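Here is the structure we will look at.
Remember, predicted model here, so these are calculated numbers, not experimental data.
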Amino acid sequence: MVSTSEVTDVTSGNTVTSGNNGNGMKDSSHPYFLHPSDSPGMNLVNSSFDGRGYGGWRGSILIAFFAKNKIGFIDGACISPRPETPDFKLWSRCDMVISWLLNSLSREIAHSVIYSKTAKDLWDDLEDRFGQSNGAKMYHLQKELSDLI
């Protein structure tokens with residue numbers, strides 16, 4: 001059975017009609033599409049972010065998400081469809097993006113954001129903490145202080 005639903009893209013305001021066969025998204029250009037090789041354990045970047053070099057790590061992650069057509073999950077363009085729509089299950093499967101983000105973080109940082117409800121929430125938390133030029137330095141100072149106590 002093929003179902004379709006309409007979702008409004010927040011960035012363009014356009015209505016996008018998507019179709020699925022109940023088993024998964026078949027349109028590889030759609031943000032909900034997951035390739036059979038995509039898995040929660042994948043590492044999209046070479047090194048984990050440990051609180052240093054946020055700008056470089058951020059750039060690498062953005063390139064990887066752009067290549068996988070998943071930027072919308074971290075910038076808010078791919079908003080959750082209503083739970084009663086056919087696409088809700090497909091959108092929920094894209095929590096894979098959260099897994100990919102967590103895999104790209106050091107264990108300590110990952111533990112501090114693991115309860116984020118969406119990939120956008122997780123991304124925004126990282127941006128708030130490390131996106132400013134002194135964010136990483138502040139994190140390391142707080143870590144050193146907590147190690148002293």
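Applying the side-chain hydrogen bond (donor to acceptor under 3.5 Å, both in side chains) rule to Ser29 yields the partners Asp27; only residues at least two apart in sequence or on another chain are considered. For the side-chain contact (heavy atoms from CB on, under 4.5 Å) test, residues two or more places apart in sequence or in another chain that qualify with Asp125 are Val113, Arg129. Partners of Asn69 under the side-chain hydrogen bond (donor to acceptor under 3.5 Å, both in side chains) rule, at least two apart in sequence or in another chain, do not exist in this structure. With sequence neighbours excluded, the residues that form a side-chain contact (heavy atoms from CB on, under 4.5 Å) with Leu62 are Arg58, Ile71, Ile74, Trp123. Applying the side-chain hydrogen bond (donor to acceptor under 3.5 Å, both in side chains) test to Ser92 and every residue at least two apart in sequence or in another chain returns nothing. Applying the side-chain contact (heavy atoms from CB on, under 4.5 Å) criterion to Ser80, with sequence neighbours excluded, gives Phe88, Trp91. Applying the side-chain contact (heavy atoms from CB on, under 4.5 Å) rule to Asp95 yields the partners Ile98; only residues at least two apart in sequence or on another chain are considered. In terms of the side-chain hydrogen bond (donor to acceptor under 3.5 Å, both in side chains) criterion, residue partners of Asp38 (sequence neighbours excluded) are, by chain and number, Lys68.
The nearest pair of heavy atoms linking Cys94 to Pro31 is SG-O, 3.9 Å. Nearest heavy atom pair, residue Ser39 against residue Met96, reads C-SD, 3.2 Å. When all heavy atoms of Met42 and Ser37 are compared, the pair lying nearest together is SD-O, 3.7 Å. Ser104 approaches Val45 most closely through the heavy-atom pair CB-CG2, 3.6 Å.
Crowding of Asp147 atom CG: a count of heavy atoms from other residues, nucleotides or ligands under 6.0 Å exceeding 12.
Within the model, atoms CZ of Arg93 and CZ of Phe33 stand 9.5 Å from one another, a figure rounded to the nearest 0.5 Å. How far CZ of Phe65 is from CZ of Phe73: 10.0 Å, rounded to the nearest 0.5 Å. Taken from CG in Leu105 to CD1 in Ile61, the straight-line distance is 7.5 Å, to the nearest 0.5 Å. To the nearest 0.5 Å, atom OG1 of residue Thr85 and atom CG of residue Leu90 are 9.0 Å apart. A distance of 9.0 Å separates OG of Ser99 from CD1 of Ile114, quoted to the nearest 0.5 Å. Taken to the nearest 0.5 Å, the CZ atom of Phe130 stands 4.5 Å off from the CZ atom of Phe49.
In this structure, the side chain of Asn103 does not engage the main chain of Leu44 through any donor-acceptor pair within 3.5 Å.
The cluster map of Ile, Leu, Val, Met, Phe, Trp and Tyr, joined by side-chain heavy atoms under 4.5 Å apart, puts Trp57 and Ile63 in different clusters.
Sorted by first and then second residue, the salt bridge (charged side-chain N to carboxylate O under 4.0 Å, His left out) pairs with a member in residues 107-123 read Lys120-Asp124; sequence neighbours excluded.
Residues Leu122 and Val97 are not in side-chain contact: their nearest non-hydrogen atoms beyond the backbone lie 4.5 Å or more apart.
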